[in-house]
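Just below is one structure, and these are the notes that go with it.
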Amino acid sequence: QVQLELLNALGRVGEGGLIPELVKQLERIGDGDAYLRNAGAVALARVAVVEESSSGMMGVLKLAALKSHGSPAVRRGAVLALRRLKSREL
C-alpha cells in the first residue's frame, strides 16, 4: 500500500526529473504486484508529459529509450506508458 501511494504521488508531483526515480521503483517491483506495475507505468506517463511540456527535454523520447533497458519490468512500464500516451514511439 505504501509503495502504491509513493508511485501515485511521484506521478502527481509534476517534476520531469523523476523518471530515474520511477525507473528504480519499477526495477524494485520487478514481476511483482500488477497494481504497482500499472501505477509505475501511469506515473511514468504523467512525468514524461510534464517533462515534455515544461522543459522541452523530450520526456516521451526518454520513455522510448527505456524500451531497451536491462530490466524487463522497466521495459514493460515504458511500453505501457507510451501506449497510454498514444505515442508514435511504440
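Being a predicted model, the structure only gives us computed values, none of them experimental.
A 6.0 Å sphere centred on NZ of K24 holds no more than 12 heavy atoms belonging to other residues, nucleotides or ligands.
K67 contributes a side-chain N or O that, together with a main-chain N or O of E89, makes up a donor-acceptor pair within less than 3.5 Å. Judged purely by atom type and a 3.5 angstrom limit, R37 uses its side chain to pair as donor or acceptor with the backbone of D31.
Summarising the geometry, atom CD belonging to Q3 is positioned 6.0 Å from atom CZ belonging to R28; distances are rounded to the nearest 0.5 Å. With rounding to the nearest 0.5 Å, the separation of NZ in K86 from CZ in R84 is 10.0 Å. Here the straight-line distance linking atom CZ of R12 with atom CG of L7 works out to 10.5 Å at 0.5 Å rounding. The CG atom of L10 sits 11.0 Å away from atom CZ of R46, with the distance rounded to the nearest 0.5 Å. Here the straight-line distance linking atom CG of N38 with atom CD1 of I29 works out to 10.0 Å at 0.5 Å rounding.
Summarising the geometry of L85 relative to A48, their closest heavy-atom pair is CD1-CB, 4.4 Å, with the distance given to 0.1 Å. A pairwise comparison of heavy atoms in G77 and A41 identifies O-CB, 3.6 Å as the closest pair. Taking both residues in full, the closest heavy atoms of A45 and A81 are given as N-CB, 3.7 Å, listed atom of the first, atom of the second, then distance. The minimum heavy-atom distance linking G30 with A73 is given by the pair O-CB, 3.5 Å. Listed here is the closest heavy atom pair of V23 and V74: O-CG2, 3.7 Å. In terms of heavy-atom proximity, A64 sits nearest to L82 at CA-CD1, 3.9 Å.
The cluster map of Ile, Leu, Val, Met, Phe, Trp and Tyr, joined by side-chain heavy atoms under 4.5 Å apart, puts V13 and L4 in the same cluster. Both V49 and V60 are members of a single hydrophobic cluster when ILVMFWY side chains are connected at heavy-atom separations under 4.5 Å. There is no path of hydrophobic side-chain contacts, each under 4.5 Å, that joins L44 to L80. No single ILVMFWY cluster, assembled from side-chain heavy atoms under 4.5 Å apart, contains both L6 and V42.
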> Could you walk me through whether L66 and I19 pass the side chain to side chain contact (heavy atoms under 4.5 Å, CB included) check?
Replying inline: CA-CA 10 Å; L66 292 175; I19 289 177; 4.2 Å; yes

